[in-house]
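Residue numbering restarts at 1 for every chain, and letters A, B, ... go by the order of the sequence lines. Keep in mind it's a predicted model, so treat the numbers as computed, not measured.
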2 protein chains.
Amino acid sequence: MIKRRITLKDLSKELDLAVSTISRALDDHPGISPETKERVKLKADELGFTRNSIASSFRKSKTLTIGVIAPQIDIHFHSLVISGIEEYAYKAGYNVTIFQSRNSFKREKKITETLQNNMFAGVIICQGAETRGIDHFKKLKKMKMPLVFYDRVPTGFEANKVIINDFESSLRATEHLIEKGCKNIAHIGGPQTTGIFKSRYEGFRKALENHHLEVSSSLIHFTKGLTYDEGLSAAKELLSQPVKPDGIFCSNDYTAVSAIQVFQKNGFKVPDQVAVVGFSNYPISKIIEPNLSSVNDRAFEMGQAAAKLLIRQIEDEEDVIESEIVTLKTELIIRESSSTRNMH
Amino acid sequence: MIKRRITLKDLSKELDLAVSTISRALDDHPGISPETKERVKLKADELGFTRNSIASSFRKSKTLTIGVIAPQIDIHFHSLVISGIEEYAYKAGYNVTIFQSRNSFKREKKITETLQNNMFAGVIICQGAETRGIDHFKKLKKMKMPLVFYDRVPTGFEANKVIINDFESSLRATEHLIEKGCKNIAHIGGPQTTGIFKSRYEGFRKALENHHLEVSSSLIHFTKGLTYDEGLSAAKELLSQPVKPDGIFCSNDYTAVSAIQVFQKNGFKVPDQVAVVGFSNYPISKIIEPNLSSVNDRAFEMGQAAAKLLIRQIEDEEDVIESEIVTLKTELIIRESSSTRNMH
DNA sequence: CTGAAAGCGCTTACAG
DNA sequence: CTGAAAGCGCTTACAG
């Protein structure tokens, strides 16, 4: 015998009350007597009743599920952001459903289509590296789907966004190297088709210009994906230049670790002969020796902020805010890889 | 003017066909003429119709959403498992909704209650470290919710499980150290209240026993959470013992990295004087110098296997399989931290 | 404070 | 091959 789920109707029969009364009692509706509420709740517990939330969502044409599109959730940055989203959403009573675009533009578009099926109260998105064009986002916006973008956000598209100031953060990180006495500062960067990596490079340049230091193209290397292995190659390239760098600003931590290792292996002391700063403050920055200075990009907080912004938009009756851009404050965490240099 | 969503009824009016015909045409139901299907699909595209999947789920009392409960998704192992789940589920047409128990037993129980609301076709679970008792899982099982556990699975509870053989993997890893000539092998382990860490310790012991090596309690350290910092302390403890270890088997990679660093800093050569093997094959194992030997625990594949098992159970009409335990083959990846020792 | 009734958008068994 | 109709389980405006 298969047990059928208990419904409001079952409770109604058991208690000889109208279905509507049961529903309201369970909702703690003010116009129901405390005694009735008590009776209903007891019986509900006794029979193991749980509301069919599909039916409820359907009736109210309103769900409590947030969709998240991220390039890849097993990248630490994204898993932290998603953790922040889940944390905030959970407390606000929302569920979080995840989709990986895996940096495929095609898949990203397909996911946005799936999201147009009424199941989602809103969507949080980080664009994939391959994403060109924003028509798929426009479609979502057109159907009034609440949207928040984080980190890699579309330009020229009005929407809620949670970002950090990549330009400013990189500028400060590079100025830190300059203050430590570095004169020939190298950069290992990410693909310049991606806005955030472009901004990090530009922040780096700006710092050099501010301090009248030459920007030498032989000391600038862009990688495809900022991987550890690409970092090794880039660092070796830097080593082969006639002018050796005495400081390196890297757009993430993996390449910064590569740089430290390659230079150390070739007899350079870090930070004494070459200081290194990374970006993202990954766990490895506290493990590598010397510990790596890095920009804390506030991934977890970014997730929380994105969820907060989205839920506010979902629940906003007034509909007065068109869009908002939240910029989180980053923090340059100075560790050994750049800290004692100017004392020598 | 707020645009109302297009419904089957709208299409029905536009095309002068019954709602049921529209529904079937969009479903490619065999009993509908090709011409009608064509007309319907064209019109649906034209008006931007997408099925209200809440209504559909409600009507069919069947959803395409899988719930996942993990302790914390920003732990690399779990983010990889979830990535594997999402990958398989996406291809099978399912969504994945995530919940973090954050190792709180209370929160884990609360989540399992939320899951009893008809929104989920099935649930994939990794127990939290604090979890005691299985009543909350029993409740889910009782209401016929398809379940799959992975990694930290409940004992004494019949259910689908995807695991690796922690005992066997650790035994092999330790035997590898023995083959490399290690005589005094230490162990840095996790909390022995957690099954997998207990098994890893037991595999370690068994290897020593098999080879008639003494198990010295002074060389065995259990940590609370296998963190990098705990690893540092444990390694320092090991160093202070009268008999120094010449091999260390660690229950994860972070503590293994700690061990390498502490011993190196104290003048020990790795692997020549002390060989080290970790567990999980984290990215850091290919970064730390020397590269760390480690057990590949198949996290991504574990996620795929869990999703596969769950979806099979969800879609299984026959209902003939009571439960299944899938054990994935691990792989000991030998790198420098344990590889050249026996040549000296 | 409680109840009767309509209806959300779909699917499906039945009829023709 | 197509249609009419019932109904999934809930919520809510209306009535009393």
Side-chain angles (χ1 to χ4, degrees), chain A residues 2-41 43-44 47-65 93 116-121 143 317, chain B residues 2-41 43-44 47-65 93 116-121 143 317:
Chain A
I2 288 179
K3 263 207 288 189
R4 208 173 39 78
R5 281 179 68 92
I6 308 293
T7 67
L8 290 184
K9 211 170 157 190
D10 298 322
L11 289 173
S12 157
K13 274 185 202 153
E14 283 282 328
L15 294 164
D16 206 25
L17 285 166
V19 167
S20 44
T21 304
I22 310 277
S23 177
R24 283 188 279 241
L26 292 168
D27 267 350
D28 259 331
H29 197 90
I32 300 288
S33 76
E35 296 74 34
T36 304
K37 283 182 187 170
E38 195 55 26
R39 270 183 70 212
V40 171
K41 285 178 185 175
K43 191 51 116 183
L47 301 185
F49 171 80
T50 50
R51 238 198 206 72
N52 181 332
S53 65
I54 297 276
S56 176
S57 287
F58 168 53
R59 178 54 233 269
K60 296 197 274 193
S61 54
K62 188 171 156 254
T63 75
L64 293 171
T65 302
Q116 298 170 25
N117 69 1
N118 258 26
M119 289 241 356
F120 299 95
M143 59 181 292
E317 307 286 326
Chain B
I2 288 177
K3 263 207 290 189
R4 207 175 41 76
R5 282 181 66 94
I6 307 294
T7 66
L8 289 185
K9 211 170 158 189
D10 297 322
L11 288 173
S12 156
K13 275 184 203 153
E14 283 282 329
L15 294 165
D16 206 27
L17 285 167
V19 166
S20 44
T21 305
I22 311 277
S23 177
R24 284 188 278 241
L26 292 168
D27 267 351
D28 259 333
H29 197 92
I32 300 288
S33 75
E35 296 74 33
T36 304
K37 283 182 186 170
E38 195 55 26
R39 272 183 71 212
V40 171
K41 286 179 184 173
K43 191 53 118 184
L47 301 186
F49 171 80
T50 50
R51 238 200 205 71
N52 182 332
S53 65
I54 297 277
S56 175
S57 287
F58 168 52
R59 178 53 233 269
K60 296 198 275 194
S61 55
K62 186 171 159 259
T63 75
L64 293 171
T65 302
Q116 298 169 26
N117 68 1
N118 258 24
M119 290 242 354
F120 299 94
M143 61 181 290
E317 307 286 326

Using a 4.0 Å heavy-atom cut-off across all strands, classify A:T7 as base, sugar-phosphate, or nothing. sugar-phosphate

Look at all strands and tell whether A:S61 reaches a base, only sugar-phosphate, or nothing, counting heavy atoms closer than 4.0 Å. nothing

Applying a 3.5 angstrom cut-off to the pairing atoms, does DNA chain D sit in any stems of at least three consecutive Watson-Crick or G-U pairs? List them by first number. C:1-3 with D:14-16, C:5-12 with D:5-12, C:14-16 with D:1-3

Output for pair (A:S20 OG, A:I32 CD1), nearest 0.5 Å, gives 7.5 Å

Value rounded to 0.5 Å, distance of CG in B:L8 from CZ in B:F49: 4.0 Å

Between [N] ([atom2]) and [X] ([atom1]): distance, integer Å:
X	N	atom1	atom2	answer
A:L8	C:dG3	CG	C1'	14 Å
B:M119	D:dC10	CE	P	15 Å
A:K60	D:dA13	NZ	P	12 Å
B:D10	C:dC10	CG	C1'	13 Å
A:K62	C:dG9	NZ	C1'	19 Å
A:F49	D:dC10	CZ	C1'	9 Å
A:N118	C:dC10	CG	C1'	12 Å
A:L11	C:dG3	CG	P	13 Å

Looking at [Y], is its backbone amide N or carbonyl O close enough to the side chain of [X] to form a donor-acceptor pair, meaning the two atoms are under 3.5 Å apart?
X	Y	result
A:S33	A:T36	yes
B:K62	B:S56	no
B:T21	B:L17	no
B:K43	B:S12	no
B:T65	B:F120	no

Strictly below 4.0 Å, heavy-atom distances to any atom of DNA chain C: list the hits from residues 24-37 of chain B, or just say none. B:R24

Side-chain ion pair, B:D28 and B:K41, N-O less than 4.0 Å: yes

Taking the six-membered ring for Trp, does B:F58 stack with D:dC8 (centroid gap under 5.5 Å, planes within less than 30°)? yes

Can you check salt bridge (Lys or Arg N to Asp or Glu O under 4.0 Å) on B:D27 and B:R51, steps first, answer last? CA-CA 11 Å; B:D27 267 351; B:R51 238 200 205 71; 2.9 Å; yes

Does a donor on one side chain sit under 3.5 Å from an acceptor on the other, for A:T50 and A:R5? yes

Pairwise 5' ranking along DNA chain D for B:A55 and A:S20, keeping only the more 5' one: B:A55

For B:T21 and D:dG3, is the shortest distance between a side-chain N/O and OP1 or OP2 below 4.0 Å? yes

Nucleotide of C:dT2, D:dG9, C:dC10 approaching A:L17 most closely (side-chain heavy atoms): C:dT2

Please pick, from C:dA4, D:dC8, D:dC10, the nucleotide with the shortest atom-to-atom distance to any side-chain atom of A:N52. D:dC10

